[in-house]
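Letters A, B, ... are given to chains in the order of the sequence lines, protein chains preceding strands, and every chain is numbered from 1.
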2 protein chains.
Amino acid sequence: MSLREEIISVSRQLLLKEGFGKISMRKVARRADVTATSIYLHFKNKDELLLALVEESILKLGSELKAALKPDSDPIEQLKDLANAYIRYALDNPQEYEIIYMVRPEEMPKYPKEKFQQIRKVYELIAEVISRGKEKHLFDVDDELISAYTLWAQIHGVVSVVLNKRLDTRIPREKFLDQAVDHIIQGFVIQKTPV
Amino acid sequence: MSLREEIISVSRQLLLKEGFGKISMRKVARRADVTATSIYLHFKNKDELLLALVEESILKLGSELKAALKPDSDPIEQLKDLANAYIRYALDNPQEYEIIYMVRPEEMPKYPKEKFQQIRKVYELIAEVISRGKEKHLFDVDDELISAYTLWAQIHGVVSVVLNKRLDTRIPREKFLDQAVDHIIQGFVIQKTPV
DNA sequence: ACTGTGTACTTAACAGTGTTAACCTACGTT
DNA sequence: AACGTAGGTTAACACTGTTAAGTACACAGT
């Protein structure tokens, strides 16, 4: 294993054990049995190191979503499965999820798009499901890519409130999550009032 | 002005100018013309200082929402106004908004509830609108408090994606926000298919 | 008038942070 | 044999949050 890989592996361990906020160059270096400055031979700075972890986490999230997508279900069920898989991943792997949104390198705006093509693939996965539902006249959407982002954002918000411990203590977490998913999905489907 | 107030005021200035991540005890102290240790006479630690700023921001957000609520509109319109006011506040005051969600004191779980009663009032503002809509058979909700949290969470997610610059460059921001609000509101209303 | 108490502040220090400049050393190529 | 370079090192800079100990001063009780 190259030192670069070793550094990432050690950083990952630290991420899982203590969260991304407690990753420090010196701590990583110590566990990789090198000096802190050596890391700079393989990563431009700390942001780039963390970004490597972000990429890994996005990939993992993407594969979880892909695994949750049953190809024969109807689009509404598929969307629900995707939402629940997303929530499950986030709550089961809070550290790995958080780093995706919490790390914001300074140069983010002008960051090479290639780095984010993996995340686009995830969006397109959602967009496809929405497209299929639109064809079947199940979903009431205008632009499916925008809708995919909207769906993602809404679920992220729900997850984020739970992870940030901002949920009212009176509200049971599971009930909140279930009801949130219902509302979110309902925002996309065309509803037919049973006459 | 007491030193405590002066410290908060200076911290606020720093928050607005550089964001919450760049607030440091020594920087605050320097601008308040005292030493860093003096801050500890008025705040238990940095988290408590930041929490004071969080409270201020929540209060401000709350009053913006209250101002946006036209008492004579129908609940659907009211909900839309609240959502848009929320988004406007967050995008116009990113630093003040971010600190609300980004600061997570270690002892958050067991944090005194009183501190968060202001934010509860905001939730209850939303919950009331939802309740009124429920009475008028406009909204399809189970528990209105949970729905209020859900709505909040969804909007936060949408805002957060924009603020974190995670929005696809192909997607125009305004269109995304409009469509997101539409979807979110639609998730709450009972739709009647025009026969 | 003298002593004591408490408040509000300071200085000095600890243990850590990201990052850079300068240096060293071993290996592969010419 | 000489050179260049890849991959590491040490030392240092300028920060960070936080604590222990010390100081200066106002006010109260005797």
Side-chain angles (χ1 to χ4, degrees), chain A residues 1-55 95 98-99 101-111 115, chain B residues 1-55 95 98-99 101-111 115:
Chain A
M1 183 153 58
S2 76
L3 181 53
R4 188 179 202 277
E5 289 167 328
E6 173 75 9
I7 288 168
I8 292 184
S9 156
V10 166
S11 304
R12 241 190 111 67
Q13 283 171 240
L14 280 173
L15 172 69
L16 293 178
K17 233 208 315 189
E18 321 190 49
F20 86 99
K22 297 214 168 177
I23 297 175
S24 91
M25 300 301 257
R26 286 177 159 91
K27 229 188 276 180
V28 169
R30 219 174 300 136
R31 302 205 189 205
D33 218 40
V34 287
T35 52
T37 47
S38 292
I39 301 177
Y40 290 86
L41 300 171
H42 302 275
F43 298 91
K44 199 181 134 217
N45 51 32
K46 192 183 177 183
D47 274 349
E48 278 228 342
L49 169 56
L50 294 184
L51 221 47
L53 298 180
V54 170
E55 279 184 75
Q95 322 285 30
E98 279 181 358
I99 200 175
Y101 274 93
M102 295 302 244
V103 169
R104 269 182 294 169
E106 295 306 321
E107 339 79 56
M108 204 77 199
K110 47 184 164 183
Y111 209 82
K115 295 257 169 188
Chain B
M1 183 154 58
S2 76
L3 181 54
R4 187 177 203 277
E5 289 166 329
E6 173 75 11
I7 289 168
I8 291 184
S9 157
V10 165
S11 303
R12 240 190 112 66
Q13 283 170 242
L14 280 172
L15 172 69
L16 292 178
K17 233 205 321 187
E18 320 189 52
F20 85 100
K22 297 213 169 178
I23 297 176
S24 90
M25 300 302 257
R26 286 177 160 91
K27 230 189 274 179
V28 169
R30 218 175 298 136
R31 301 206 189 205
D33 217 40
V34 288
T35 50
T37 47
S38 293
I39 301 178
Y40 290 87
L41 300 171
H42 301 275
F43 299 90
K44 199 182 134 216
N45 52 32
K46 191 183 179 185
D47 274 349
E48 277 228 343
L49 170 55
L50 294 184
L51 221 47
L53 298 180
V54 169
E55 279 184 73
Q95 323 283 32
E98 279 181 358
I99 199 175
Y101 275 95
M102 296 301 244
V103 168
R104 268 183 295 169
E106 295 305 323
E107 339 79 54
M108 204 77 196
K110 47 185 166 183
Y111 208 83
K115 295 259 169 188

Between D/dT10 and A/Thr37, counting only base atoms on the nucleotide and side-chain atoms on the residue, is there a donor-acceptor pair under 3.5 Å?
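When only heavy-atom distances are counted, A/Thr37 does reach the base of D/dT10 through a donor-acceptor pair under 3.5 Å.
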To the nearest Å, give me how far apart [atom1] ([X]) and [atom2] ([N]) are.
{"X": "A/Met1", "N": "D/dG7", "atom1": "CE", "atom2": "P", "answer": "16 Å"}
{"X": "A/Lys46", "N": "C/dG18", "atom1": "NZ", "atom2": "P", "answer": "4 Å"}
{"X": "B/Leu41", "N": "D/dA21", "atom1": "CG", "atom2": "P", "answer": "16 Å"}
{"X": "B/Lys22", "N": "C/dG18", "atom1": "NZ", "atom2": "P", "answer": "15 Å"}
{"X": "B/Ile39", "N": "C/dT10", "atom1": "CD1", "atom2": "P", "answer": "10 Å"}
{"X": "A/Glu18", "N": "C/dT17", "atom1": "CD", "atom2": "C1'", "answer": "15 Å"}
{"X": "B/Phe43", "N": "D/dT19", "atom1": "CZ", "atom2": "P", "answer": "16 Å"}
{"X": "A/Glu6", "N": "D/dG8", "atom1": "CD", "atom2": "P", "answer": "11 Å"}

Can you tell me which nucleotide in [options] comes closest to the side chain of [X]?
{"X": "B/Tyr40", "options": "C/dT20, D/dT19, D/dG8", "result": "D/dT19"}
{"X": "A/Arg26", "options": "C/dT10, D/dA12, D/dG17", "result": "D/dA12"}
{"X": "B/His42", "options": "D/dG7, D/dT18, C/dC9", "result": "C/dC9"}
{"X": "A/Asn45", "options": "D/dT18, C/dT19, C/dT17", "result": "C/dT19"}
{"X": "B/Ser38", "options": "C/dT19, D/dG7, C/dT10", "result": "C/dT10"}

Can you measure from [atom1] ([X]) to [atom2] ([Y]) and round to the nearest 0.5 angstrom?
{"X": "A/Ile7", "Y": "A/Arg31", "atom1": "CD1", "atom2": "CZ", "result": "14.5 Å"}
{"X": "B/Lys17", "Y": "B/Ile23", "atom1": "NZ", "atom2": "CD1", "result": "12.0 Å"}
{"X": "A/Leu41", "Y": "A/Arg4", "atom1": "CG", "atom2": "CZ", "result": "12.0 Å"}
{"X": "A/Phe43", "Y": "A/Ser38", "atom1": "CZ", "atom2": "OG", "result": "12.0 Å"}

For a quick check of understanding: with a heavy-atom distance under 4.0 Å over all strands, which category does B/Ser24 fall into, base, sugar-phosphate or nothing?
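Sugar-phosphate only.
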At under 4.0 Å between heavy atoms, what does B/Ile23 touch on the DNA or RNA strands: base, sugar-phosphate, or nothing?
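The residue B/Ile23 makes sugar-phosphate contact but no base contact.
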Quick one, B/Glu18 with B/Gln95, criterion side chain to side chain contact (heavy atoms under 4.5 Å, CB included). Give me CA distance, side-chain angles, the key distance, then yes/no.
CA-CA 8 Å; B/Glu18 320 189 52; B/Gln95 323 283 32; over 6 Å; no
Would you say B/Thr35 reaches C/dC9's phosphate, i.e. side-chain N/O to OP1/OP2 under 4.0 Å?
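The answer is no; no side-chain N or O of B/Thr35 sits under 4.0 Å from OP1 or OP2.
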